[in-house]
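If you're wondering where the values come from, they're calculated on a predicted model, not measured in any experiment. Here is how names work: the chains are called A, B, and so on, in the same order as the sequence lines, proteins then strands, and each is numbered from 1.
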Amino acid sequence: MSKKIIVILGPTASGKTGLSIKLSKKFKGEVVSADSRQVYKGMDIGTGKITKKETQGIPHYLLDVADPKKRFDVAQYKILADKAIEKIFNKGKIPFLVGGTGFYIQSIVDNIQILNVKPDWKLREKLEKKPLPELYRMLAKLDPARAHNIDKNNPRRVIRALEIVLKSKRPIMPLIKNKPAFEVLLIGVKRPKKELKKLIEKRLLKRLDEGMISEIKKLHKSGVSWKRLEEFGLEYRYVAQYLQNKLSYGQMVWHLQKATEHYAKRQMTWFKRDKRIKWIKDTKQAEKLVKKFL
RNA sequence: GCCGGAGUAGCUCAGUGGUAGAGCACUGCUCUGAAAAAGCAGUGGUCGAAGGUCCGAUUCCUUUCUCCGGCA
């Protein structure tokens, strides 16, 4: 019998968390979060991190594993998540990978081989100062194949590609998808666009009500710079801007709503590519799928 | 009522005597250690209305309507 994991994914505010608890309770599951922001300590309200009470005793992994002052990335995520999944298997439970960060989910589900070139932030800073076309020309010289299919307008991609050639002294390898060590069921939670917008709005107001602004104030007081907070995006970005008086309260709310809607759309664009995903309408349908899969 | 200013894309506005652009919104997309990040593309307007001048008006002129200031 091969090992099985269940993935619950979908755009923000679609109701993944609630479903994950229902399913993991019913099927003896434990949850591995696949959320690039919930990994950080102290970022709770703004990320919609599940509360202790809400977990109803279901163990959760990959929450609060990183310091917001430091950088976290897929590579670290993959190591920790693989470990958590292994641990759950050893307990005889079913791992539920739950979240909206497509890249993180892919790293697990497709067992992506991550290149052995660590980020070099000093180098990145240095490269960032140069004009993008110049960076692209450099890349075209050092790794023509990569330059050919890269997005030349995207500084982050170009810089990372350069980082790889410069540090490893050789062109980038093609992406390797290792054979996954387990069978995967991908469940997608989708909502009609209009409904999702309303859910986002409702949730945003709730978060403000719950003290999201003081959470972010607190993070800043504890040493997380405004720049860093703005880097996190969404709530952390716009509330940080509001706290610096770069935005009025009304502007902050408006931007936050729009940015979250855009984010949800980007998530869907990512997920749509994966034809393995089974999109469900309600919990019942999900339960059926899981039962059949197990 | 009088005097100014403004009416151009869903919104905020640029612009020109030869039938129009930007930012945002909207739609679609990309993704090899920042992924809630970082990028790309596309749709969209009888230029407030009616007359006039002109080969030709969104642009000039007249009238008209609406909005915003100021004065009564």
Engineer: Does B:U30 have its OP1 or OP2 closer than 4.0 Å to a side-chain nitrogen or oxygen of A:Arg157?
Structural biologist: no
Engineer: Test: salt bridge (charged side-chain N to carboxylate O under 4.0 Å, His left out). Region: residues 109-134 of chain A. Which pairs qualify, not counting sequence neighbours?
Structural biologist: A:Asp110-A:Lys177, A:Asp110-A:Arg276, A:Asp120-A:Lys167, A:Arg124-A:Glu163
Engineer: So, does A:His262 get its side chain near the phosphate of B:A25, meaning an N or O under 4.0 Å from OP1 or OP2?
Structural biologist: yes
Engineer: Taking atom P in both B:A6 and B:G48, compute the distance separating them and give it to the nearest angstrom.
Structural biologist: 13 Å
Engineer: Any donor and acceptor pair, going by atom type alone, linking the side chain of A:Gln241 with main-chain N or O of A:Leu247 inside 3.5 Å?
Structural biologist: no
Engineer: Would you kindly give the NZ-to-P distance between A:Lys193 and B:C26, to the nearest whole Å?
Structural biologist: 9 Å
Engineer: For residues 279-288 of chain A, which residue pairs qualify under salt bridge (charged side-chain N to carboxylate O under 4.0 Å, His left out), counting only residues two or more places apart or in two chains?
Structural biologist: A:Lys26-A:Glu287
Engineer: Compare side-chain N and O positions of A:Arg160 against OP1 and OP2 of B:A34 and report whether any pair is under 4.0 Å apart.
Structural biologist: no
Engineer: Would you call the rings of A:Tyr77 and A:Phe72 parallel, tilted or perpendicular, where under 30° means parallel and over 60° means perpendicular?
Structural biologist: perpendicular
Engineer: What does the 5'-to-3' dot-bracket notation of RNA chain B look like when only Watson-Crick and G-U wobble pairs under 3.5 Å count, and pairs to other strands show as |?
Structural biologist: (((((((..((((....[..)))).(((((.......))))).....(((((..]....)))))))))))).
Engineer: Any side-chain N or O of A:Tyr77 under 4.0 Å from OP1/OP2 of B:G33?
Structural biologist: no
Engineer: Mind calculating the distance between CG (A:Asp274) and P (B:U30) to the nearest angstrom?
Structural biologist: 13 Å
Engineer: In this structure, how many angstroms lie between the P atom of B:U32 and the CG atom of A:Asn178, rounded?
Structural biologist: 17 Å
Engineer: What pairs of residues pass the salt bridge (charged side-chain N to carboxylate O under 4.0 Å, His left out) test when at least one of them lies in residues 237-253 of chain A, not counting sequence neighbours?
Structural biologist: A:Glu230-A:Lys246
Engineer: Among residues two or more places apart or on two chains, list those pairs meeting ring pair (Phe, Tyr, Trp, His ring centres under 6.0 Å) that have a residue in residues 39-58 of chain A.
Structural biologist: A:Tyr40-A:Phe232
Engineer: Rounded to the nearest angstrom, tell me the gap between atom CD in A:Gln106 and atom P in B:G33.
Structural biologist: 11 Å
Engineer: By a strict heavy-atom criterion of less than 4.0 Å, which residues belonging to residues 199-233 of chain A are in contact with RNA chain B?
Structural biologist: A:Glu231, A:Phe232, A:Gly233
Engineer: Which residue, A:Lys197 or A:Val117, contacts RNA chain B at a nucleotide closer to its 5' end, judged by nearest heavy atom?
Structural biologist: A:Lys197
Engineer: What are the two closest heavy atoms between A:Ala147 and A:Ala140, and how far apart are they?
Structural biologist: CB-CA, 3.6 Å
Engineer: Hey, is A:Arg203 close enough to A:Glu235 for a salt bridge, meaning N to O under 4.0 Å?
Structural biologist: no
Engineer: Could you state the CG-C1' distance from A:Asp73 to B:G33, rounded to the nearest angstrom?
Structural biologist: 4 Å
Engineer: Running the 4.5 Å side-chain criterion over Ile, Leu, Val, Met, Phe, Trp and Tyr, what cluster does A:Trp121 land in, apart from itself?
Structural biologist: none
Engineer: So, is A:Lys177 close to the B:U32 phosphate, meaning a side-chain N or O under 4.0 Å from OP1 or OP2?
Structural biologist: no
Engineer: Would you kindly give the CH2-to-P distance between A:Trp254 and B:U12, to the nearest whole Å?
Structural biologist: 12 Å
Engineer: Taking atom C1' in both B:G17 and B:C13, what distance in whole Å separates the two?
Structural biologist: 23 Å
Engineer: Would you kindly confirm whether A:Met43 and A:Leu243 end up in one hydrophobic cluster when ILVMFWY residues are joined by side chain heavy atoms under 4.5 Å apart?
Structural biologist: yes
Engineer: Do any pairs count as a side chain to side chain donor-acceptor pair (under 3.5 Å) and have a residue in residues 257-269 of chain A, sequence neighbours left out, and if so which ones?
Structural biologist: A:Gln257-A:Glu261, A:Lys258-A:Glu261, A:Tyr263-A:Gln267
Engineer: Of the options B:A35, B:A38, B:A34, whose atoms approach the side-chain atoms of A:Arg266 most closely?
Structural biologist: B:A38
Engineer: If we take the P atom in both B:U46 and B:C3, what is their distance in whole Å?
Structural biologist: 33 Å
Engineer: Taking only the C1' atom of each, what is the distance from B:G21 to B:U43 in whole angstrom?
Structural biologist: 15 Å
Engineer: Which whole number of Å gives the distance between the C1' atom of B:G52 and that of B:G69?
Structural biologist: 31 Å
Engineer: Does A:Arg124 have a side-chain nitrogen or oxygen under 4.0 Å from the phosphate oxygens OP1 or OP2 of B:A34?
Structural biologist: yes
Engineer: Quick one: which protein N/O atoms are closer than 3.5 Å to N/O atoms of nucleotides 40-43 of chain B? Pair and distance per line, please.
Structural biologist:
none

Engineer: Would you classify A:Thr47 as touching base, sugar-phosphate or nothing, given that sugar-phosphate means primed atoms plus P, OP1 and OP2, and contacts are heavy atoms under 4.0 Å?
Structural biologist: base
Engineer: Across the strands shown, which category fits A:Lys258 at heavy-atom distances under 4.0 angstrom: base, sugar-phosphate, nothing?
Structural biologist: sugar-phosphate
Engineer: Looking for any heavy atom pair under 4.0 Å, which part of the strands does A:Gly102 touch: base, sugar-phosphate only, or nothing?
Structural biologist: nothing
Engineer: Measure the distance from NZ on A:Lys78 to P on B:A35 and round it to the nearest whole Å.
Structural biologist: 17 Å
Engineer: Can you say whether a donor on the side chain of A:Gln76 sits under 3.5 Å from an acceptor on the base of B:A35, or the other way round?
Structural biologist: no
Engineer: Quick check on RNA chain B: between A:Glu261 and A:Phe103, whose nearest nucleotide comes earlier from the 5' end?
Structural biologist: A:Glu261
Engineer: When rounded to the nearest Å, what value does the distance between C1' atoms of B:G7 and B:C47 take?
Structural biologist: 10 Å
Engineer: Of the listed nucleotides (B:A38, B:G28, B:G33), which one gets closest to any side-chain atom of A:Pro155?
Structural biologist: B:A38
Engineer: Flag the pair A:Leu19 / A:Ile280 as yes when at least one side-chain heavy-atom distance between them is below 4.5 Å, and no otherwise.
Structural biologist: yes
Engineer: When we call it a touch if two heavy atoms are under 4.0 Å apart, what does A:Lys167 touch: a base, just sugar-phosphate, or nothing?
Structural biologist: nothing
Engineer: Using atom P of each nucleotide, how far apart are B:A9 and B:G15 to the nearest Å?
Structural biologist: 15 Å
Engineer: When the distance from CD1 of A:Ile164 to P of B:G33 is rounded to whole Å, what number comes out?
Structural biologist: 5 Å
Engineer: Members other than A:Trp254 in its cluster, when Ile, Leu, Val, Met, Phe, Trp, Tyr link by side-chain heavy atoms under 4.5 Å?
Structural biologist: none
Engineer: If we take the P atom in both B:A20 and B:A57, what is their distance in whole Å?
Structural biologist: 14 Å
Engineer: May I have the list of side-chain donor-acceptor pairs in residues 88-104 of chain A shorter than 3.5 Å, sequence neighbours left out?
Structural biologist:
from	atom 1	to	atom 2	distance (Å)
A:Asn90	ND2	A:Glu86	O	3.4
A:Lys91	NZ	A:Glu30	OE1	3.2
A:Lys91	NZ	A:Glu30	OE2	3.0
A:Lys91	NZ	A:Tyr61	OH	3.4
A:Thr101	OG1	A:Ser36	N	2.9

Engineer: Enumerate the salt bridge (charged side-chain N to carboxylate O under 4.0 Å, His left out) contacts for residues 32-48 of chain A, please, sequence neighbours excluded, ordered by first and then second residue.
Structural biologist: A:Asp44-A:Lys49
Engineer: Any side-chain N or O of A:Arg37 less than 4.0 Å from the OP1 or OP2 oxygen of B:A34?
Structural biologist: no
